[in-house]
Amino acid sequence: MKLSADQAALAKRLGHRFSDPELLRRALTHGSMSSPTRPDNQRLEFLGDRVLGLVGLSDLAHRYP
C-alpha cells in the first residue's frame, strides 16, 4: 500500500520513512471506523497514548526538576 499525499507530507515533515504504510494508515484512523473488514487500531492507540504520556512526563520532569 502506498502513502496518500497527506500521509507522505506527514512523513516528510517528521523526517521519517515508514516501512509499513498500512500501520501509519491504521494509526491515523479513528477507532470508530472499524468494521468486520477493517480491524480496529486499539493496540496502536494504546501504544500512542503511552508514548504521549512518556513525552509529557519527560517534558515536565525537565521543566520542574
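Index from 1, following the sequence. Predicted model only: the values in this text are computed from it and were never measured.
- The same ILVMFWY cluster, assembled from side-chain heavy atoms under 4.5 Å apart, contains both Leu47 and Val55.
- Within the hydrophobic cluster formed by Ile, Leu, Val, Met, Phe, Trp and Tyr side chains joined at under 4.5 Å, directly or through other members, Leu57 stands alone, with no partner residue.
- Here the CG atom belonging to Asp59 is positioned 12.5 Å from the CG atom belonging to Leu54, to the nearest 0.5 angstrom.
- Contacts of Arg50 classified as salt bridge (charged side-chain N to carboxylate O under 4.0 Å, His left out), with partners at least two apart in sequence or in another chain: none.
- The hydrophobic cluster containing Leu60, built from Ile/Leu/Val/Met/Phe/Trp/Tyr side-chain heavy atoms closer than 4.5 Å, also comprises Tyr64.
- For the atom pair CG of Leu24 and CG of Leu14, the computed distance is 8.5 Å after rounding to the nearest 0.5 Å.
- Shown here are the ring pair (Phe, Tyr, Trp, His ring centres under 6.0 Å) partners of His16, two or more places apart in sequence or in another chain: Phe18.
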Side-chain donor-acceptor contacts of residues 1-10 below 3.5 Å, not counting sequence neighbours, with atom names and distances?
unit_1 : atom_1 : unit_2 : atom_2 : d
Ser4   : OG     : Gln7   : N      : 3.2
Gln7   : OE1    : Ser4   : N      : 3.0

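- Identified under the salt bridge (charged side-chain N to carboxylate O under 4.0 Å, His left out) test for residues 16-25, with sequence neighbours left out: Glu22-Arg25.
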